[in-house]
Peer 1: 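For reference, the structure I am asking about is given below.
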Amino acid sequence: MADQGRLDLGLSEPDPVPAAPELPPGSRVVRVLPDVAAIERSFDYLVPPAWAEDGRGDRLVVGSRVRIALAGRRVGGWVVEDNVVPPAGVELRSLAKASGLGPSPEVIDLARWASHRWAGRLNGLLGTASPPNVVESLPPRPARPTVPPATDTWAVRALEVQRSVVRLPPGADVLPLAVEAARKGDALILLPTVPAADQLALRLRGEGLPVSLAQREWARSAAGGLVVGSRSAALAPVGDLAAVVVVDEHDETYQEERAPTWHARDMAVERARRAGVPCVLTSPSPSLEALRWGELMVPSLEGERDGWPALDLHDRRDDDPVRSGLLGERLVDILRGSEGDPVVCVLNRRGRSRLLACDSCGGLVCCSEHQAPMIQEDADMLVCPVDGARRPQVCDDCGATRFRNLRAGVARIREELEALAGRPVLEVTGDTDMPDGGLGGHAVYVGTEAVLHRVRSAARVVFLEFDQELLAPRMRASEQAMALLIRAARLVGGRSDGGRIVVQTRMPEHEVLQAVLHADPGRLVEAESARRKLLNLPPWSALARVSGPPAEDFITALGSPDGVDLLGPRDGAWLVRAPGHDRLAEVLAAVERPKGRLRIEVDPPRA
DNA sequence: CGGACAAGCTGA
DNA sequence: CAGCTTGTCCGG
């Protein structure tokens, strides 16, 4: 079959074939997509005639969850098409069981669109769109709430346009926007994390609004009212969708890491477009994607200035790189608590030293054969990262045996911070357990960026080495660096409340830092937008990263379609670049997929 | 995914 | 050539 390797969007068997003669007249046949990750085809089943009499037949609609016999076992699935004419020559089996409600036809169509847009399988998306347990019927629709007239005019204005991007400073409250969305009717409100969604849901309930949590309260969401949730909520049922709000649209947690790497912001935008309802994206620093899509609105420049913390740039270019290590002298007072506690220090690295300099001559300790920086394995052995050769810890140039860390990991820096602060310092990593409400009670914390998620609040956040964020070899390095500063800003509060962030850097003129310094995210946009345009990167193009053992075959099969560049291979992966997402999706879908573990990441998160 | 079946390897 | 592993195909 010619399209064997292609993705089935639940609409296979396009040729109208006469029904098999053995099918009794009046039989109802439905097309079912199995809920099995590896199966991307749909199959036809007979609706048991008995169901027509007891009402089960009426409840069976496109989207319904069913159980089917497939290759000798029972699996779940979704009805993706009703009243189909099955291809000739197949002996139909009957549906084994009806297992309740599933996504609406609108959400199925949306998922189909997403499956094409992100070149991935439909059944995973339908799984996300389905209730976690069997739902036989919906609760009654909640009474329409009486929403008090809005006091925040920006929220009203934001929902008056179909596509608006609201630039709100880090500390701003989105509650007025959610309430205003509720005035429109049933609204979908997305937040980056589940705790943030839970908290907003609680506050909206406090306002007397009917709110349900997406996924966990699937049936209530489908019945009506406000639906609040994180990424997966973009596919949640909503009664009668009247508005969509995506809070902190810049946040990368909106993108699914596994293929299909769909993005909840883009999904929500498309959902609103299809429903013809207004969609509002908010962010302290809107993404280029958002700005290209909608109309930018800045409620108050004054509010924005007050809402960002002050930024202290510690320019380290004047310091002796060898002598002063990672901790500049200006940090001492902060670490000792003279500007308030707690102090949160961020260093995006794990483990111990990666880069050593001789204490007496200042030279970098490199492998004489490969010129690569040696790694300190234990107290007195060095290891070459290229071939693993070991040698004793002695400087090649001067024979000294004392070294200094230029790139200490978090574990080492904790000890140094403790010495400098003269008080205990708690190390926080991604593995550190987080108590409810976040960590508290310590005076000084140090950790990778995970520390920004785990500590409740801070008097100061110090980025010990920010340049690696600014210079990271990733397309979105600047936006990601900005996202870190936004997180930090939320821990310390706005400048009007004394909020202050400290950044040690050798690039104080970098647009990310300048944007925060002047509480003007537009400065980042100008520079970043020009750079991306020059390099023909998103949002001025659309990218997909293709990897896995069959990647080469796939790329070869793509050929050289019009307007499409193939870049690579690099680390066994290729980049496919097209002028836009329509073209990209079209090109990726046009080719048979070689078997094997092919991974296609559209909008690759780490390109 | 998981079963069916076919093609390849091993051992006496 | 049985008995087993490994690979490929396919499901209504």
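Values in this document were obtained by computation on a predicted structure and should not be read as measured data. Lettering of chains follows the sequences in order, A, B, ..., and the numbering in each one begins at 1. Hydrogens, waters and symmetry mates are skipped; everything else that's a heavy atom, side chains included, is used.
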Peer 1: From CG of A:Asp44 over to P of C:dG12, roughly how many Å is that when rounded to an integer?
Peer 2: 11 Å
Peer 1: Can you tell me if A:Arg41 touches the phosphate of C:dG12, counting only side-chain N or O atoms and a distance under 4.0 Å to OP1 or OP2?
Peer 2: no
Peer 1: What do you reckon, is CZ of A:Arg570 surrounded by more than 12 foreign heavy atoms closer than 6.0 Å?
Peer 2: no
Peer 1: Pairs under 3.5 angstrom, nitrogen or oxygen only, protein versus nucleotides 1-7 of chain B, please.
Peer 2:
{"unit_1": "B:dC1", "atom_1": "O2", "unit_2": "A:Arg73", "atom_2": "NH2", "d": "2.3"}

Peer 1: Judged by atom type as modelled, is there a donor-acceptor pair below 3.5 Å linking the side chain of A:Arg41 to the main-chain atoms of A:Pro34?
Peer 2: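 It does not hold such a pair.
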Peer 1: Quick one: A:Arg28 CZ to C:dG12 C1', roughly how many Å, whole number?
Peer 2: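 These atoms are roughly 17 Å apart.
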Peer 1: Whether the side chain of A:Glu479 engages the backbone of A:Ser285 through a donor-acceptor N/O pair (distance < 3.5 Å, no angle test) should be reported.
Peer 2: no
Peer 1: Please report the distance, rounded to the nearest Å, between CD in A:Glu91 and P in C:dG12.
Peer 2: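 Taking CD of A:Glu91 and P of C:dG12, I get 9 Å after rounding.
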Peer 1: Once you round it to whole Å, what is the distance between C1' of C:dG12 and CD of A:Glu40?
Peer 2: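 Distance check: A:Glu40 CD to C:dG12 C1' gives 17 Å.
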Peer 1: Using a cut-off of strictly less than 4.0 Å, decide whether A:Lys595 has a side-chain nitrogen or oxygen near OP1 or OP2 of C:dC9.
Peer 2: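 Affirmative; the distance criterion is met.
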Peer 1: Between the main-chain N or O of A:Val62 and the side-chain N or O of A:Asp82, is there a donor-acceptor pair closer than 3.5 Å?
Peer 2: no
Peer 1: Looking at A:Arg28 and A:Asn83, would you say the former's side chain and the latter's main chain have a donor-acceptor pair under 3.5 Å?
Peer 2: no
Peer 1: With sequence neighbours excluded, tell me which residues meet ring-ring contact (aromatic ring centres under 6.0 Å, His included) with A:Trp51.
Peer 2: none
Peer 1: Separation of A:Glu592 atom CD from C:dC9 atom P, in whole Å?
Peer 2: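 Atom-to-atom, A:Glu592 to C:dC9, this comes out as 12 Å.
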Peer 1: How many Å lie between CG on A:Leu92 and C1' on C:dG12, as a whole number?
Peer 2: 6 Å
